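To keep things clear, I will list the structure first and then write my remarks on it.
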Amino acid sequence: MAGLAAPRTIITTDPELDDLNSMLRLLLYSNEIDIIGLVYSSSQFHFAGNPESGVQPHRWPDADSAFHIERAVAAYEQVHANLIVHDPRYPSADRLRSLIAWGNVDDVGDMGADTPGSDLIRRVLLDDEPGKVFLQVWGGHNTIARALRSIQDEYKDTAAWETLHRRITNKAVITSFGQQDTTFSDYIRPNWPGIESREVATRVWGYFARDVVADADLHLLGPEWTRRNVSEVGPMGAAYRVWGDGEQMAEGFDEEDYFGLDGLNAEELAAQGYTVWMPPQPSGAFISEGDSSNFAILVDNGLRSWEHPGWGGWGGRQRRIATASWSNTGVLNADRTGDPREEWSSARWISEFQNDFAARLQWTVRGDYDAANHHPQVVVEEGLDLTRAPGSRVRLTARASDPDGDELSIVWWQYREAGTTSANLQLKQAGNTVEFEIPADATPGETLHIICTVRDSGTPTLTRHQRVVITMARE
């Protein structure tokens, strides 16, 4: 599968504060992620309401407000001229605006009627373009469910239905941060049992990131790092929600939305009527960006994690929990001490994805290519998908370069948990090459994952990988 282009993707999102933060980061990757839809949807936490059916809005911005997708695109528009200096592939703000559509937002689980957003998803699922389409769920599944039901209603009694159902099943991949309504379990899974679903609710991107990162990485969520690298860096950084910023998600008192308040401890918040479900943090600190694990799978960092849910990357690593369902829950990876640790499959990457964010924000304010850092490049000469016999000796060679002329470090390592064999290889690295012997008792068909990690000496340090997947040869 080496060299495959990243798949197309559609984002469905509700107006949670972390969705704004995720949207801002996503747009900084719009040069390398093929975004084809930005769709508003509801969830159990946010819905617009419908006076005709007696549903009152819940934590939904005023209709005259700029919603979070528009806010992120407006900030992006201010810096686009600088971004294209660093990569001309960045789309225009007008192009991004053309992708915005309103989905099903009236109520939690609303899928009662077609909407512009569900129609957009429907058109993509029915088109003839090859490859997967990743349908990202940052809120509820309901707008995606509506699109699928619209297709089913139109074609289920036709001769084309069986073939079409199979084609869409093979085409769609749903990624989600939790089940924020019941439409996946009530409609999608019973009617589309083969669609791949990846549950990517990683805490490292969310409100409780501090519970799972290593102590040495906690500063990456703190106020000093966040101010210096995010909040004080141009319009996109200024739009990013942080603790004590004075903002709220919707007008009126909300007992769970106290993130904009500054300098109050849990007891003081409770005295004002708030339900303190997350410990307050210092002013200017990271709040949450929970939905970023959805698109982190698609980032072109060389980990290729979009190709298989068990491979792992910035969006974590998933295990199979049912025939077509995968989840981060219960996934263990060996941490820096060698001990198995839940959530480490995503938390292990925090320093590189935060540095990557900081570097891209620098691109937004620097219109001179030479004034910012850029990613190193690495190629494995032997290829990325190899077949080798048990007992054979393997040699891999990396060719790395850096557009800024920075010094590079190259490290080869085995991602044991991503492979399907328990073999613990003895890697012998010499410069940019690595050699190892595949155990003679390795089982044909099993896989080994060897990763070449290249880091530059720039500021902030940037990282690129190449993942080599070795399949044991069958006789």
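Source: prediction; values computed, not measured. Quick note: residue numbers are just sequence positions, from 1. Both backbone and side-chain heavy atoms feed into the values below; hydrogens, waters and symmetry mates do not.
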Point to revise | Evaluation steps, side chain to side chain contact (heavy atoms under 4.5 Å, CB included), between Gln136 and Ile10 | key: CA-CA 6 Å; Gln136 300 184 37; Ile10 298 170; over 6 Å; no
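- Inter-residue side-chain proximity for Ser345 and Leu332 is flagged as unmet; no heavy-atom pair is nearer than 4.5 Å.
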Point to revise | From CA spacing to verdict: salt bridge (charged side-chain N to carboxylate O under 4.0 Å, His left out), Arg71, Glu247 | key: CA-CA 14 Å; Arg71 290 177 63 187; Glu247 295 192 38; 3.2 Å; yes
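- Between Ser42 and the options Asn142, Asp110, Thr143, Thr12, a side-chain hydrogen bond (donor to acceptor under 3.5 Å, both in side chains) holds for only Asn142.
- Between Trp192 and His165, the ring planes lie parallel to each other; the angle is under 30°, not in the 30° to 60° tilted range.
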Review point. Step by step, would you call Arg97 with Glu77 a salt bridge (charged side-chain N to carboxylate O under 4.0 Å, His left out)?
Key: CA-CA 10 Å; Arg97 288 193 183 97; Glu77 184 171 35; 2.6 Å; yes
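- No hydrogens or angles considered: a donor-acceptor pair under 3.5 Å links the side chains of Tyr240 and Glu289.
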Review point. Can you list the steps and then say if Asp87 with Arg360 is a salt bridge (charged side-chain N to carboxylate O under 4.0 Å, His left out)?
Key: CA-CA 10 Å; Asp87 191 332; Arg360 288 170 186 263; over 6 Å; no
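- Side-chain polar atoms of His375 and Asp356 form a donor-acceptor pair below 3.5 angstrom.
- A donor-acceptor distance shorter than 3.5 angstrom exists from the side chain of Glu199 to the backbone of Gly178, with no hydrogens or angles considered.
- Using a 4.0 Å cut-off between a side-chain N of Lys or Arg and a carboxylate O of Asp or Glu, Arg25 and Asp291 do not qualify as a salt bridge.
- Considering only heavy atoms from C-beta on, Ile121 stays 4.5 Å or farther from Asp119 through its side chain.
- The pair Asp127-Arg123 does not count as a salt bridge, with every side-chain nitrogen at least 4.0 angstrom from each carboxylate oxygen.
- A donor-acceptor contact under 3.5 angstrom links the side chains of His374 and His86, judged on distance only.
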Review point. Does the side chain to side chain contact (heavy atoms under 4.5 Å, CB included) test come out yes or no for Lys171 and Arg8, once each step is laid out?
Key: CA-CA 11 Å; Lys171 181 178 190 174; Arg8 298 180 294 164; 3.7 Å; yes
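- How far CG of Asp18 is from OG1 of Thr13: 8.0 Å, rounded to the nearest 0.5 Å.
- Side-chain contact annotation: Tyr207 with Gln281, donor-acceptor N/O pair under 3.5 Å absent.
- A donor and an acceptor atom, one from each side chain of Trp205 and Ser346, are nowhere located under 3.5 Å apart.
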Check your understanding: Taking it one step at a time, do Ser197 and Arg189 satisfy side chain to side chain contact (heavy atoms under 4.5 Å, CB included)?
Key -> CA-CA 9 Å; Ser197 169; Arg189 188 47 87 215; 3.5 Å; yes
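- In this pair, Tyr29 and Phe295 present their aromatic rings tilted. The plane angle is within the 30 to 60° band.
- Residues Val124 and Ile36 form a side-chain contact, since some pair of their non-hydrogen atoms from C-beta on lies under 4.5 Å apart.
- No hydrogens or angles considered: nothing links the side chains of Asp94 and Ser92 as a donor-acceptor pair under 3.5 Å.
- Residues Arg167 and Glu129 are not paired through a salt bridge, judged by the lack of any N-O separation under 4.0 Å between the basic side chain and the carboxylate.
- Side chains of Asn333 and Tyr415: a donor on one and an acceptor on the other come within 3.5 Å.
- Side chains of Asn328 and Gln318: a donor-acceptor N/O pair is present below 3.5 angstrom, by distance only.
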Check your understanding: Run the side chain to side chain contact (heavy atoms under 4.5 Å, CB included) check on Leu27 and Met236 step by step: do they pass?
Key -> CA-CA 10 Å; Leu27 297 187; Met236 294 191 76; 4.1 Å; yes
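- Note: Phe177 CZ to Asp19 CG = 10.0 Å, rounded to the nearest 0.5 Å.
- For the pair Val39 and Ile144, the minimum side-chain heavy-atom distance is 4.5 Å or more.
- Salt-bridge annotation for Asp254 and Arg59: present, with a side-chain N of the basic residue lying under 4.0 Å from a carboxylate O of the acidic one.
- The aromatic rings of His68 and Tyr40 sit perpendicular, their planes meeting at an angle over 60°, well past the 30° parallel limit.
- Across Ser422 and Arg416, no two heavy atoms sit closer than the pair O-NH2, 2.7 Å.
- Separating the CG atom in Asp14 from the CZ atom in Phe67 is a distance of 11.5 Å, to the nearest 0.5 Å.
- The CD1 atom of Ile297 lies 5.0 Å from the CZ atom of Arg198; values are rounded to the nearest 0.5 Å.
- Each of Leu221, Asp211, Val212 was compared with Val204 under the side chain to side chain contact (heavy atoms under 4.5 Å, CB included) criterion, and only Val212 meets it.
- In this structure, the side chains of Gln414 and Leu448 come closer than 4.5 Å at one or more pairs of heavy atoms.
- The one candidate from Trp311, Trp314, Trp349 that meets the ring-ring contact (aromatic ring centres under 6.0 Å, His included) condition with His465 is Trp349.
- The distance from the CD1 atom of Ile195 to the CD1 atom of Ile168 is 7.5 Å, given to the nearest 0.5 Å.
- Taking the charged nitrogens against the carboxylate oxygens, Glu196 and Lys132 have no contact shorter than 4.0 Å, which rules out a salt bridge.
- Residues Thr420 and Thr447 bring a donor and an acceptor atom of their side chains to less than 3.5 Å of each other.
- Other residues, nucleotides and ligands place more than 12 heavy atoms under 6.0 Å from the CD atom of Glu381.
- Counting only N and O atoms by type, the side chains of Thr463 and Asn355 include no donor and acceptor under 3.5 Å apart.
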Practice item. May I have the step-by-step check of ring-ring contact (aromatic ring centres under 6.0 Å, His included) for Trp243 and Phe259, ending in yes or no? Key: CA-CA 5 Å; Trp243 275 94; Phe259 302 97; 5.0 Å; yes
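- Between Arg304 and Asp385 there is a salt bridge, since at least one side-chain N of the basic residue sits less than 4.0 Å from a carboxylate O of the acidic one.
- With respect to Arg341 and Glu417, no salt bridge is recorded, no charged nitrogen being found less than 4.0 Å from a carboxylate O.
- At a threshold of 4.5 Å between non-hydrogen side-chain atoms, the residues Arg146 and Tyr187 do not count as touching.
- A side chain to side chain contact (heavy atoms under 4.5 Å, CB included) with His141 is found for one member of Leu135, Leu148, Thr183 and no other, namely Thr183.
- For the pair Met23/Val73, no side-chain contact is recorded, criterion being any heavy-atom separation below 4.5 Å from C-beta on.
- Judged purely by distance below 3.5 Å, without hydrogens or angles, the side chains of Thr115 and Asn104 pair a donor atom with an acceptor atom.
- A donor-acceptor contact closer than 3.5 angstrom links the side chains of Ser292 and Ser22.
- The closest side-chain donor-acceptor pair between Trp138 and Glu16, if any, does not fall under 3.5 angstrom.
- For the atom pair Ile188 CD1 and Thr182 OG1, the distance stands at 10.5 Å (nearest 0.5 Å).
- Annotation: side chain of Thr175 is not in contact with side chain of Val137 (no heavy-atom distance under 4.5 Å).
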